[in-house]
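Here the structure is a predicted model, which means the values were calculated and not measured. So that the names make sense, note that chain A is the first sequence line, chain B the second, and so on, each numbered from 1.
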2 protein chains.
Amino acid sequence: MTAKTMARFKIATYNVNSIRSRLHIILSWLEENRPDVFCMQETKVADARFPADAFTVAGYHVVFRGMKQYNGVAIASLEKPENVTYGLGGEADDADEDRLIAAVYSGVPVINTYVPQGRNRENPQFAYKLQWYARFREYLVQKWSSDAPLVWCGDLNVAPEQIDVHDPKRLLGHVCFNPEVWDAFDRVKSWGLEDLFRKHHPGEVECYTFFDYRVPRSVERKLGWRIDHILSTPALAAHCDSCNIDMNPRMAEKPSDHTILVAEFTI
Amino acid sequence: MTAKTMARFKIATYNVNSIRSRLHIILSWLEENRPDVFCMQETKVADARFPADAFTVAGYHVVFRGMKQYNGVAIASLEKPENVTYGLGGEADDADEDRLIAAVYSGVPVINTYVPQGRNRENPQFAYKLQWYARFREYLVQKWSSDAPLVWCGDLNVAPEQIDVHDPKRLLGHVCFNPEVWDAFDRVKSWGLEDLFRKHHPGEVECYTFFDYRVPRSVERKLGWRIDHILSTPALAAHCDSCNIDMNPRMAEKPSDHTILVAEFTI
DNA sequence: GTCCGTCGAG
DNA sequence: CTCGACGGAC
């Protein structure tokens with residue numbers, strides 16, 4: 001690859017906790033950072049009410065899928081997306097179409113997901129979460145190739161390592177910090193995906209992407225979780241220059257409980 | 001009175017429709033206009049949650065009374081208020097303490113009220129509204145003197161004249177544009193109160209202080225009502241230099257359905 | 001339309 | 001703590 005054909009590719013992921021409430025934060029961040037691809041989760045809005053115009057005005061394409069009240073995913077992009085798909089496939093009412101949106105940008109497939117949180121270990125939603133990772137692995141096997149560039153990102157509702165939560169002893173067993181979830185997540189990664197944040201920050205502590213609203217002053221006290229992630233196939237991971245947490249949205253007038261995670265590539 | 005002892009006195013009234021939602025509008029208006037007395041209605045917040053600190057920071061004293069959800073009145077002032085009282089008196093649970101707050105500023109009593117709206121003519125709240133004006137007249141008789149300076153202001157939920165609504169034919173009979181309400185309101189005025197806006201703008205049309213949220217583009221189409229008022233005893237009315245409607249809050253990012261009404265005196 | 005309270009969710 | 005949904009009020 002010559003210098004002439006090399007290009008920068010910037011991708012970011014953000015659990016917006018309502019796109020309507022967070023629209024100002026999103027637009028000002030896009031304006032300042034101009035990512036090529038911006039993945040959002042928990043948009044919490046039905047498609048008919050999605051604020052698509054605001055993205056158009058900002059110079060972004062946007063694709064989205066949401067039912068009212070819960071879940072909802074969207075991707076904004078400078079380039080027009082190709083091959084946009086929704087959900088894991090299978091039965092329409094079981095496909096979780098408001099939890100997964102995939103599209104191809106500059107030839108790179110981007111899969112943006114909002115993985116079920118699981119509520120608590122006794123709740124059927126927890127079994128559903130474990131099953132979801134398994135179904136997602138099967139979706140990767142059936143639909144995509146681990147030999148080619150591919151990005152998986154979003155709110156994956158798993159803190160993969162001991163250093164990814166502020167109190168691993170107390171939190172062990174939580175639905176986002178749990179041996180069964182780690183196994184299910186590892187099974188997905190074994191398809192061929194690498195955690196880009198850890199690739200660039202091995203062993204680095206107190207790096208979190210989520211701070212529970214219910215914990216007073218959680219940001220200042222560093223009481224967070226690293227549950228939002230950007231992973232890629234090895235073919236693309238080799239070209240990843242950086243992966244960083246942007247705390248800015250947490251400092252805004254109307255912060256969400258999540259940060260923005262950003263990865264940059266030279267491709 | 002010599003020029004040396006003369007002073008300007010500016011008083012304003014604003015139905016805020018939730019003081020928490022409208023705090024930014026209120027503070028920026030106070031900063032720009034620096035009224036001596038600023039009366040608010042429909043604060044919609046219990047006393048324990050009233051944002052008093054924000055007024056202190058802005059250089060204002062503030063007194064208030066509200067129950068949660070409905071009603072609620074407050075007065076912000078540059079000078080410290082004297083003799084602050086709440087409600088019409090009588091039985092505590094019937095005194096409407098969250099609809100009337102009175103205090104004395106530079107020797108001038110200011111009575112700030114949120115008069116019951118009345119819902120509809122068949123609703124018991126309508127009889128209660130009519131009774132409220134009668135009780136308010138009795139309150140004036142018992143407690144105050146019409147020979148001395150005194151201000152009555154607030155959301156009085158009455159458009160007194162034909163020109164005070166955009167469609168007098170269609171709206172005739174509405175709980176805020178109604179012969180029984182006019183009579184009750186006139187009985188109060190007969191105690192000794194003058195409508196300061198009309199004093200300075202006799203016969204002027206299309207002057208409104210309220211624009212129903214449910215009427216599309218009501219401001220642009222001038223589909224309003226003049227139901228917020230500042231009245232005073234003759235002793236003070238003689239010193240009133242102006243009384244004007246400030247539409248600015250209706251143009252803010254988060255407009256309320258009411259404007260601000262401002263009166264200026266030289267005393 | 002825009003408030004509030006209440007509720008379920010995270 | 002903050003979100004959306006809902007129902008009541010204006």
Using 30° and 60° as the class boundaries, would you call the ring planes of A:His166 and A:Tyr208 parallel, tilted or perpendicular?
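The rings of A:His166 and A:Tyr208 stand perpendicular, inter-plane angle above 60°.
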
Is the distance between the ring centroids of [X] and [Y] less than 6.0 Å?
X	Y	value
A:Phe38	A:Trp29	yes
A:Phe136	A:Trp152	yes
B:Trp225	B:Phe211	no

Once you round it to whole Å, what is the distance between [atom2] of [N] and [atom1] of [X]?
X	N	atom1	atom2	answer
B:His258	C:dT2	NE2	C1'	12 Å
B:Asn15	C:dT2	CG	C1'	12 Å
A:Phe50	D:dG4	CZ	P	14 Å
B:Met67	D:dA9	CE	C1'	18 Å

If you count heavy atoms of other groups shown closer than 6.0 angstrom to CD of B:Glu31, is the number above 12?
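No, not enclosed.
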
Have a look at A:Asn17 and tell me which of A:Lys44, A:Gln41, A:Glu42, A:Lys254 forms a side chain to side chain donor-acceptor pair (under 3.5 Å) with it.
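So, applying the side chain to side chain donor-acceptor pair (under 3.5 Å) to A:Asn17 and each of A:Lys44, A:Gln41, A:Glu42, A:Lys254, only A:Lys44 qualifies.
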
Which letters describe nucleotides 3-10 of chain C, given B = protein heavy atom under 4.0 Å from base, S = only from sugar-phosphate, - = neither?
SBSS--SB

